[in-house]
Amino acid sequence: MGKEIEKILVSRGHKVAGIVDPMLDGAYKEVTKEALDSADVVIDFSTPSAVQKNCEAYALGSTPVVLGTTGWGDKYDLIKGIIEKSGIGFVWGSNFSIGAHMLFKIAAYASAMINGIPEYDIMVHEMHHKRKKDSPSGTAITLAERILEVNTRKTKIVTECLDRKIEDCELHVSSTRGGDIPGIHTVYIDSPADTIQISHSARNRSGFALGAVMAAEWIQNKKGFYAVDDFIKEILA
């Protein structure tokens, strides 16, 4: 993601002020005051274990942040408190792909359509490369949450492998890991007569990178804790 983001930044006329990567020669090994002072905005796609430490460092400065790391939901309240206390601009999301957010909107619309037609059931499946550390993906969980917001028959997300009959109120979110798949998220709406598939297939990581850079441009001169939805609402208005 770092390499893709760098390409997009340069293509849009921006300059990369610094890179934080403990494995890369010539890069900062961690988030430092020096690294932040030379930047107008930070784009962070690191690891779940680094999020708290990084955000504590960001909170000491005034540089706005775009956070695309997933897998830190258990620390959401803690991180939000750190950012809100600092007063910096901060936008986070499980997926910055503009196309993926179109998927969310289309899936939600379709999910509401079947409320009065019990013959149609709904489920989610996602596929990612073998190196992805979280399962299901943050995008899949977000997709499932959007479905639950509008579908009156689904009230609970189930992500584990089932060795039992699924309950009517449960929305099953399943995952596959393997190969080099950038990301495929599919909503299945199924009945005895037919199946409808709504799918987003990322060809590469450039779509995620473009959205993150656009979010970095958007967060300039803003203060507060924002979700990617706040940014997307303006883009897709």
Side-chain angles (χ1 to χ4, degrees), residues 45-52 67-80 92-97 99-203 205 207-208 227-229 232:
F45 279 80
S46 53
T47 61
S49 61
V51 168
Q52 181 177 343
L67 179 67
T69 307
T70 61
W72 54 275
D74 58 326
K75 295 183 178 179
Y76 177 84
D77 291 336
L78 173 63
I79 300 302
K80 184 178 181 181
W92 73 276
S94 63
N95 193 324
F96 281 88
S97 164
H101 283 273
M102 292 181 185
L103 169 69
F104 296 157
K105 288 184 175 293
I106 295 168
Y109 182 77
S111 300
M113 287 178 66
I114 63 171
N115 278 335
I117 314 174
E119 288 81 7
Y120 282 90
D121 198 12
I122 188 166
M123 65 212 85
V124 175
H125 183 71
E126 58 97 0
M127 300 176 69
H128 273 93
H129 54 85
K130 60 187 177 184
R131 296 172 299 280
K132 188 165 179 62
K133 296 181 179 180
D134 58 332
S135 177
S137 68
T139 300
I141 293 299
T142 300
L143 180 57
E145 290 171 345
R146 298 297 174 82
I147 292 171
L148 258 60
E149 287 173 1
V150 296
N151 187 278
T152 56
R153 286 183 280 123
K154 299 295 184 181
T155 60
K156 180 181 179 181
I157 299 170
V158 178
T159 61
E160 66 267 22
C161 178
L162 294 178
D163 57 0
R164 59 169 175 80
K165 173 185 175 294
I166 192 168
E167 299 297 328
D168 290 341
C169 66
E170 294 177 328
L171 175 66
H172 197 196
V173 179
S174 56
S175 303
T176 298
R177 294 290 176 268
D180 290 287
I181 303 166
I184 301 173
H185 295 84
T186 305
V187 176
Y188 294 89
I189 298 176
D190 188 78
S191 78
D194 50 17
T195 301
I196 300 166
Q197 296 183 34
I198 306 168
S199 186
H200 176 266
S201 299
R203 294 193 181 94
R205 292 176 176 82
F208 305 99
V228 64
D229 288 350
I232 289 293

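In this chain, numbering begins with 1 at the start of the sequence shown.
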Got a sec: does the CG of D168 have more than 12 other heavy atoms crowding it under 6.0 Å?
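No.
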Please check this pair: side chain of [X] against backbone of [Y], looking for a donor-acceptor N/O pair closer than 3.5 Å.
X	Y	answer
T159	V173	no
R203	P182	no
K130	G179	no
R153	I114	yes
K105	A100	no

Sequence neighbours left out, what pairs pass ring pair (Phe, Tyr, Trp, His ring centres under 6.0 Å) with at least one residue falling in residues 148-187?
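For residues 148-187: H128-H185.
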Are any of the side-chain heavy atoms of [X] and [Y] separated by less than 4.5 Å?
X	Y	answer
D194	Y120	yes
I122	S111	yes
N115	N151	yes
I232	M102	no

Parallel, tilted or perpendicular: which fits the ring planes of F104 and H101, with parallel below 30° and perpendicular above 60°?
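Answer is perpendicular, since the angle exceeds 60°.
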Taking all atoms of both residues into account, what is the closest heavy-atom pair of [X] and [Y], and its distance?
X	Y	answer
I184	S201	CG2-OG, 3.7 Å
Q52	I79	CA-CD1, 3.6 Å
V51	T69	CG2-CG2, 3.8 Å
F208	F96	O-CB, 3.8 Å
I198	A110	CD1-CB, 3.7 Å
T70	G138	CG2-CA, 4.4 Å

From [X] [atom1] over to [Y] [atom2], what is the distance, rounded to the nearest 0.5 angstrom?
X	Y	atom1	atom2	result
E170	L162	CD	CG	7.0 Å
C169	I157	SG	CD1	12.0 Å
L143	R146	CG	CZ	8.5 Å
W72	S94	CH2	OG	10.0 Å

Evaluation steps, side-chain contact (heavy atoms from CB on, under 4.5 Å), between N95 and V228
CA-CA 8 Å; N95 193 324; V228 64; over 6 Å; no
Is it true that K132 and E126 have a side-chain N and a carboxylate O under 4.0 angstrom from each other?
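Looking at K132 and E126, the cut-off is not met.
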Compute whether any side-chain donor of one residue and acceptor of the other, for H125 and S174, lie under 3.5 angstrom apart.
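S174 and H125 do have a side-chain donor-acceptor pair below 3.5 Å.
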Are side-chain N/O atoms of T47 and S49 paired as donor and acceptor at under 3.5 Å?
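Distance-only check passes for T47 and S49.
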